[in-house]
Amino acid sequence: MAAKRLEMSLAGAKSGGPSHRRGPPWVDWMVLPTVAVLAFVIAYPSIRTLILSGYHENLLNPAGTHPIGFSNYGQLAHDSVFWTAARNTLVFTAVSVAIGMVLGLGIALLLAGLPVRPRFLQGALLTPWAVPVIVVAFLFRYMFDQQVGVINFLLGSLHLIGSYIPWLASTRWSMPAVIVANVWSQTPFYVLMFVAGLKSIPDDVREAARMDGATGWREFWSVTVPFLQNTLVIASIIMVIGNFNNFPLVWAMTGGGPVYATTTLVVYIYQLAFSQFSIGYASAVGTIWLIVLLALAVTYIRVLQRESLQAVAEA
Amino acid sequence: MRRIRHVQPGPIGVFIEREPGGLKQCAGFVRGGQLFGIRVPGGLQLGPGGFGHRQDRHHHLRQLGRCRAGHAAEDREGDRRVRAAEPNIKIKSTPYSFSDILHQDILQTTAGNPPDVSQIAGNDTAALIATNAIQPLDSIAPASFLQGIYPSEIALGKKGGKLYAIPWIVAPLGFWYNKTVMKQAGLDPTKPPTTLDQWTSDMKTIKAKEGASGVVPFGLDTTKRTFGMDVNWPIMLSFGAHPLGASAPDAASSQMQTYLQWVRTVNQDGYTLPGKLLGEFRPLAAQNKLGFAFDGPYLQGVIQSLNKSLTDQQFNATWSVTSLPAGPDGKHYTIPTDHQLVMFKAAKNKAAAWKFMEFLVTNKDAIQTYTLPSGSIPPTTNGATEFPKQLGTPVMKAFISKVLPTVVSPDWGPLYSKAYAPIMSGVEEAASGKTPIATIAKNMQSQLQPLYKK
């Protein structure tokens, strides 16, 4: 029976749709208004950006607009700021996701281990996620202020630093400072995902593992991690995509500086388009950024589809 | 948010609404971030034939919120006087922050919906003129108007021999020195530094004697924005550095490297706080924790709004202003942070728009309501006689006699709009990094070169 169902699901997946209709055919056409709106707000800007990327266009010199083919992409290949921004984006995303995930899992495990779990505790832990990102940015901007920030005060009081650090004005410390703010803001999302994931681990599996002598780390690696694998993958892909687009935090905290130490791709695109008004070149950078995000989104969708098929097979 | 904290007048938004029977205009302006408009009945015939036909299209400008806490009663009186002077003026304004002025003007122009009149400043003026969207004013501004304005201010609004912008608020950057801080550091408060070397030495002394108590010798803005470059431009000139040559960049010169080394010394020896905006030093000035500042005449108003117990007498006993210390060439330099008014070519009612612009610049009530309260200097040549009380203070006298004559205009324009990023990145690197100065200058030069080819 399960094999039959799996075979039907696979057949449906290969044909690109369900293997049976659930309603009259005209129901499918009711998605057209949504598709039209999506086409207008997503497809048109994307296509327009692609077209603009083939032009030399600067809004400060509208008369100088002319097509230049792929020259913007050629310029991009030799643009050291672009590659710096790309590297910064990777560092910002990878470190934020990694630390957030580890912290989120740790907090989720602690919560799961509590004999009594007060509701207010979970709510309190989710609060950073509920705070608007722009507020988080200004909050940490003041916390990291060299003169009056609480972080320098605390570190100085504990004699961990000899003199106050100019966190946001330092090419060395500005990115770590931005990452700290980002992790603080995003860790609750992981907590939420992992708490739900931990609840899905069957008790009999845990009991069986304990009867076999697996406790502590052994139980964690042999039972918990395999069951949380899917949650880990899905949560990380979602947050990677989210962090790729994270503009307000970086912009409000450092403006992409000092120098280009915290300039990510999205910040660079903003500077090109709205500070320098180089719309054509900004569109080229934006197109590359879009391609990377599309690749991530396709990966996410494929992982989801694989999980869906596995769930059907196990049923 | 941080830009709105700057106590600087911003752009004025103007909606000119046409109604049957003539033209109605009303003055609206923003105070403390809130927008309100004043409706005044009546019609106004402007120019031959007037404007009898009806149009529903609105033209608008944008205005930045003013921070005049504690002056509500004076502002209300100013409003009343404005309405009395121009009963048929109806204006609707939209606030934008200082740093978003050009951005918003460009976007609206590109979208085909530019305002009639816009207040604008610095490089934004030159950049906006380059878009060819701004109306030349040579045939609109009468000779009688031009004769009553400082010639140097008229020159700032000219490009290619044509007048595009008229001055509204004159506010050059002056070299402020805190006499109390200097005295406490053992320096002679009556003798501010007049050369770069003296200035650096004085900063070192203040840091050594008063650094432990939180006093910052100087507020240097090295942020990566056009205004950051504006602030550093006169200092670069003092060192003999001129990174934007006429036909090629000159960022790798020995003078530029000397300037970058000075920036590194000032930042890394603790004479300033790195990465701060100009406005972020003003609270320190209000707390008597700043030795020197390079700021506009509005600094007095800012400090007194932050420190409400500070009287004019106490302020003048603490702060004085003079010209920026000179470099090897012995010359003093400064830049204007003036705000100007421009008219867009798309303005349907140019005569009315000009009338409003002229009103803001020359009308006594308008000057008393907008210009003087912001601590700025009116561009009219008879300002000192018309407003002896406001312009006769020690600070204003110093600005007029010592600072204004040293004003030079940076190389504002489209190239400046692109060049600020590599130049100020280099300045930031010099301020906070360890890269050798020669390498920074070389990198700056190589990043500027492609900009000249476009």
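Letters go in sequence order (proteins before strands), and every chain restarts at 1.
In this structure, A:His78 places its NE2 atom where only 12 or fewer heavy-atom neighbours from other residues, nucleotides or ligands lie under 6.0 Å away. Annotation for A:Tyr55: atom OH does not count as buried by contact number, only 12 or fewer foreign heavy atoms lying within 6.0 Å.
Taken from OG1 in B:Thr110 to CD in A:Glu57, the straight-line distance is 8.0 Å, to the nearest 0.5 Å. Between the OG1 atom of B:Thr109 and the CG atom of A:Leu60 there is a distance of 10.5 Å, given to the nearest 0.5 Å. Here the CD1-CG distance, from B:Ile106 to A:Leu59, works out to 6.5 Å after rounding to the nearest 0.5 Å.
Considering every non-hydrogen atom in both B:Gly214 and A:Gln147, the closest pair reads O-NE2, 3.7 Å.
Of the listed residues (B:Gly413, B:Pro274, B:Gly275, B:Gly426), the greatest number of heavy-atom pairs within a distance under 4.5 Å of chain A belongs to B:Pro274.
Side chain of A:Thr171 to main chain of B:Gly433: no donor-acceptor pair is present (N/O by atom type, distance under 3.5 Å, no hydrogens or angles). Checking side-chain atoms of B:Lys224 against main-chain N and O of A:Pro258 turns up no donor-acceptor pair under 3.5 Å.
In this structure, the portion of B:Lys276 lying under 4.5 Å from any heavy atom of chain A is its side chain and not its backbone. When heavy atoms are compared at a cutoff of 4.5 Å, B:Val216 approaches chain A solely by way of its side chain, counted from C-beta outward. For B:Ser417, the parts sitting under 4.5 Å from any heavy atom of chain A are the backbone and the side chain alike.
With sequence neighbours left out, B:Gln447 forms a side-chain contact (heavy atoms from CB on, under 4.5 Å) with A:Tyr260, B:Pro422, B:Asn443.
In this structure, A:Phe274 and B:His103 have tilted ring planes: the angle between them lies in the 30° to 60° band.
Residues A:Asn58 and B:Lys418 meet the side-chain proximity criterion, which asks for heavy atoms closer than 4.5 Å.
Using a 4.5 Å cut-off between non-hydrogen atoms, the part of residues 124-133 of chain B that approaches chain A consists of B:Ala127, B:Ala130, B:Thr131.
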